Amino acid sequence: MQHPGGVLLALLLLAGLSLTEAVEVEVHDKDSKTCIYAVLSVNFTILYEGNGTTENATFPLPNSVSSNGSICGGNNSAPLLKMGFGTGHSLSLNFSHSTGEFRGDVLIFTYNTSDAKRFPGAKNKSVKHVAVNSLMDSTPLHTIYTCRSVKAIASEAVVMVFWNVSIQAFVENGTIGKNESFCKADLPTTVAPITTRTTPIVPTPVPTKPPPELPAVGNYTIKNGSDPCLLASMGLQLNITYTENKTHSVNIDSNSTASGQCGDKDATLVLEDMDTTIQFHFIVDQSKFFLKEVKANVSLVINGSRTALNSNNSNLRFWQAFVGSSYMCHKEQSIVVTDQLVINAFNVWVQPFQVKNGTFSRAEDCKTNENYIVPIVVGAVLGAIILIVLVIYIIGRRQNRSGAYE
Ligand SMILES: *[C@@H]1O[C@H](CO)[C@@H](O)[C@H](O)[C@H]1NC(C)=O
Ligand SMILES: *[C@@H]1O[C@H](CO)[C@@H](O)[C@H](O)[C@H]1NC(C)=O
Ligand SMILES: *[C@@H]1O[C@H](CO)[C@@H](O)[C@H](O)[C@H]1NC(C)=O
Ligand SMILES: *[C@@H]1O[C@H](CO)[C@@H](O)[C@H](O)[C@H]1NC(C)=O
Ligand SMILES: *[C@@H]1O[C@H](CO)[C@@H](O)[C@H](O)[C@H]1NC(C)=O
Ligand SMILES: *[C@@H]1O[C@H](CO)[C@@H](O)[C@H](O)[C@H]1NC(C)=O
Ligand SMILES: *[C@@H]1O[C@H](CO)[C@@H](O)[C@H](O)[C@H]1NC(C)=O
Ligand SMILES: *[C@@H]1O[C@H](CO)[C@@H](O)[C@H](O)[C@H]1NC(C)=O
Ligand SMILES: *[C@@H]1O[C@H](CO)[C@@H](O)[C@H](O)[C@H]1NC(C)=O
Ligand SMILES: *[C@@H]1O[C@H](CO)[C@@H](O)[C@H](O)[C@H]1NC(C)=O
Ligand SMILES: *[C@@H]1O[C@H](CO)[C@@H](O)[C@H](O)[C@H]1NC(C)=O
Ligand SMILES: *[C@@H]1O[C@H](CO)[C@@H](O)[C@H](O)[C@H]1NC(C)=O
C-alpha cells in the first residue's frame, strides 16, 4: 500500500524543500488504525527574560516528535494531536466537528524555560503555555486540510510560523482522504476549494489573497454608573498598508471589550481585542455631534516578526447627526486615518450623547443627506433616453415621408 505521507514527503523533496523541516505524525487507535494524521513545519520564536535582558529563543519543531498523550477521540472526548519534544515542550491541537466538517479548535504550545539548551540564561525556569485558535479553517470530513503558504500566529511572547501543513482528524477506517482542501492563502482566486489529488502538484501556487470576510457587527455600550450613556453598533475592518502597496486587512472582533467615558460635549469609545486598540473620540459642535478623532494601536505579524503600528487623526468629521438623535449608515464607509490605516465601517449605528433609557434615539440615516447624487444621475439618464427616443421618432417619420413620395 502506498503511504500518503510518503507521497507528501516525496513531493516536498521534489519541490526542493529540506526533508528535515517537515514533521510527520500519526495517531493510532486501539486497532492500530490511523485516526489523526499530520505533516507540518513550524518555527518558534519565544521572547523570555534573561539576566536583566530580554532574549529570544528560535528553534524549529524537531523532525522527531512523540505523539504520546494524543487521543483519537470518541463519543465524549475530542481528538487531540499532541507533539511532544525535548524536555517538556509540546504543541497540541484538539479538533471538533459538526455538519460534515472538522476543524482545529485550540492550539496550545507548551515550553519549558528550564531547558538550558533552548533557553540559555533564562531567569524564570518554568513551564509556560500559549493558546490560540486560528491554525486551520473548517474542512470537509474525509478530506485532508492542506496549507503550503506560510502562516504566522503570534500570541503574547511567542510567534509560531507554520508552513507546508497537512492535517486530517476523524480519519475513518484508517484511510487518509484522497481529496485535499486548501487553505485560503493557497488558492488562486478562481480555483474551487477542493481538488482531487491526482498528479503531484509541484509548483506552489502563487497565493492571491482573497478579500477578507465582512466583519461581524459588535454591540458596544458605555455606562455612566449603571445608565448606558454611549451606544455603538458596527462592524469594523482595518486596512493596513505596511510597506508600499502591501496591505493587510484585520477584522475587529465583535467581542472586543468596550470602555470609555461620556461627557456633555466629549465622549470616547475604546475597543480592545487581542492585538488592537482603537479609540473613537466624539465631540459636540453647536447642535451636532460627530467623530473627530481616531487613535489606533495595532500589533501585527509581518513575515514572522511582530510590528506595532500607531495611527492618529484628530481632524476627522464623520458620523454627524443632531445631538439627541443617533447616526445610522448601512453602506460601507472608509475612514482614512493615515496613509497607513483605513477603517472600513459597516452598518454603523452610534449615539455618543444623550442616550435615553439605554436605547438608540431617532436615527439620522446617512442616505437622507448624502445620497442626493443618485436621483440626479437617474434624472439625467431618463432625460437622455427621452431625447434619444424623440430623435429616433423624428428620423423614422422623415424616412416614412420620403418613402411615400417615391
Ligand atoms: C525557519 O527557520 C529556519 C532556520 O532558522 C530558516 O532557515 C527558515 O527560513 C525559517 N522558515 C520560515 C518559513 O520562516
Ligand atoms: C548577570 O549579568 C551580570 C552583568 O552582566 C553579571 O555580573 C552576572 O554574573 C550575570 N549573572 C548570571 C547568573 O549570569
Ligand atoms: C532575536 O534576537 C536577535 C539577537 O539578539 C535579534 O537580532 C532579533 O531581532 C530578535 N528577534 C526577535 C523576533 O525579537
Ligand atoms: C507516555 O506518557 C506516559 C504518562 O504521561 C508515560 O508513562 C509513558 O512512559 C510515555 N511514553 C513514552 C513513549 O514516552
Ligand atoms: C459511541 O456511540 C455509539 C452510538 O451512539 C455507540 O454505538 C458506541 O459504542 C459509542 N462508543 C463508545 C466508545 O462509547
Ligand atoms: C523542564 O526541563 C527541566 C530541565 O531540562 C526538567 O528537569 C523538567 O522535568 C522539565 N519539566 C517538564 C514538565 O517536563
Ligand atoms: C480543546 O481544548 C481547549 C483547551 O484545553 C478546551 O477549552 C476546548 O473545549 C477543547 N475543544 C474541544 C472540542 O474539546
Ligand atoms: C469505512 O468503512 C465502512 C464499512 O466498511 C464503509 O461503509 C465506509 O464508507 C468507509 N468509510 C470511508 C471514508 O472509507
Ligand atoms: C447586536 O444587537 C442587535 C440588535 O439588538 C442584534 O440583532 C445582534 O445580534 C447583536 N450582535 C451581537 C454581536 O451581539
Ligand atoms: C485597502 O486599501 C488599499 C489602498 O488604500 C486598497 O487598494 C484596498 O482595496 C483596500 N482593501 C480593502 C479590503 O478595503
Ligand atoms: C463572542 O462571544 C460569544 C460568547 O462568549 C461566543 O459565542 C461567540 O462565538 C464569540 N464571537 C466571536 C466572533 O468570537
Ligand atoms: C424607559 O423604559 C421603561 C421600561 O422599559 C419604560 O417604562 C419607560 O416608559 C421608558 N421611558 C422612556 C422615556 O422611553
Side-chain angles (χ1 to χ4, degrees), residues 12 15-23 27 35-36 38-46 48 55-63 65-66 68-99 101-139 141 147-156 158-167 169-170 183 185-186 204 207 301-307:
L12 297 182
L17 294 162
S18 160
L19 181 62
T20 57
E21 285 182 332
V23 181
V27 179
C35 62
I36 305 176
V39 176
L40 73 171
S41 297
V42 193
N43 276 354
F44 301 98
T45 300
I46 302 130
Y48 67 97
E55 304 287 337
N56 64 53
T58 301
F59 52 85
L61 182 66
N63 55 3
V65 297
S66 145
N68 201 5
S70 298
I71 304 168
C72 279
N75 291 350
N76 297 316
S77 61
L80 173 72
L81 170 63
K82 183 168 177 189
M83 293 164 277
F85 60 97
T87 49
H89 314 291
S90 66
L91 184 64
S92 72
L93 176 63
N94 63 1
F95 299 89
S96 62
H97 78 102
S98 61
T99 60
E101 296 194 315
F102 75 97
R103 55 178 300 139
D105 193 27
V106 179
L107 178 76
I108 297 176
F109 175 48
T110 301
Y111 58 101
N112 178 1
T113 53
S114 309
D115 179 348
K117 204 169 104 238
R118 290 189 171 89
F119 300 92
K123 191 171 152 207
N124 301 317
K125 296 183 175 16
S126 61
V127 175
K128 295 186 159 60
H129 309 272
V130 291
V132 296
N133 53 7
S134 49
L135 178 64
M136 59 177 286
D137 312 323
S138 280
T139 302
L141 285 170
C147 200
R148 295 189 174 80
S149 302
V150 173
K151 174 169 183 160
I153 299 178
S155 175
E156 295 153 44
V158 176
V159 178
M160 293 177 259
V161 179
F162 291 85
W163 73 101
N164 286 330
V165 172
S166 295
I167 301 177
F170 302 99
C183 64
D186 276 4
T204 308
V301 174
I302 297 167
N303 303 329
S305 63
R306 199 168 258 296
T307 310

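Not measured: the values here are computed from a predicted model. Both ligands and their constituent atoms are indexed starting at 1 by order of listing. Just the heavy atoms: all of them, side chains too, but no hydrogens, waters or symmetry mates, feed the values below.
Side-chain polar atoms of Ser149 and Lys151 form no donor-acceptor pair below 3.5 angstrom. No side-chain N or O of Asn124 forms a donor-acceptor pair with one of Ser126 less than 3.5 Å apart.
What sits closest to atom 1 (C) of ligand 7 on the protein, heavy atoms only, is Asn94 ND2, 1.4 Å. At the top of the distance list for atom 14 (O) of ligand 7, counting protein heavy atoms only, stands Ala78 CB, 3.3 Å. Regarding atom 7 (O) of ligand 7, its nearest protein heavy-atom neighbour is Val106 CG2, 4.7 Å. Nearest protein heavy-atom neighbour of atom 5 (O) of ligand 7: Ile108 CD1, 4.1 Å. The shortest contact between atom 8 (C) of ligand 7 and any protein heavy atom is with Asp105 OD2, 3.6 Å.
In Lys123, the NZ atom is not crowded: 12 or fewer heavy atoms of neighbouring residues, nucleotides or ligands sit closer than 6.0 Å.
Polar contact with ligand 1: absent for Thr58 (N/O pair, distance under 3.5 Å).
Taking every non-hydrogen atom of Gly88 and a distance limit under 4.0 Å, the qualifying atoms of ligand 6 come out as 14 (O). Short contacts between ligand 7 and Ser96, defined as distances under 4.0 Å to a heavy atom of the residue, involve ligand atoms 13 (C). Atoms of ligand 6 lying under 4.0 Å from any heavy atom of Asn112, numbered from 1 in the order shown and given with element: 1 (C), 2 (O), 3 (C), 8 (C), 10 (C), 11 (N), 12 (C), 14 (O). Distances below 4.0 Å separate heavy atoms of Val127 from the following atoms of ligand 6: 13 (C).
Aromatic pair Tyr48/Tyr111: ring centres not closer than 6.0 Å.
Distance screen at 4.0 Å: atom 11 (N) of ligand 7 has a protein heavy-atom neighbour inside the cut-off.
A distance-only check finds no donor-acceptor pair linking the side chain of Thr110 to the backbone of His129 [under 3.5 Å].
Leu91 CG to Phe44 CZ: the interatomic distance, rounded to the nearest 0.5 Å, is 4.5 Å. Taken to the nearest 0.5 Å, the SG atom of Cys72 stands 10.5 Å off from the CG atom of Leu81.
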TODO: For the pair Phe170 and Glu101, evaluate side-chain contact (heavy atoms from CB on, under 4.5 Å) and give the outcome as yes or no after the intermediate values.
DONE: CA-CA 10 Å; Phe170 302 99; Glu101 296 194 315; over 6 Å; no
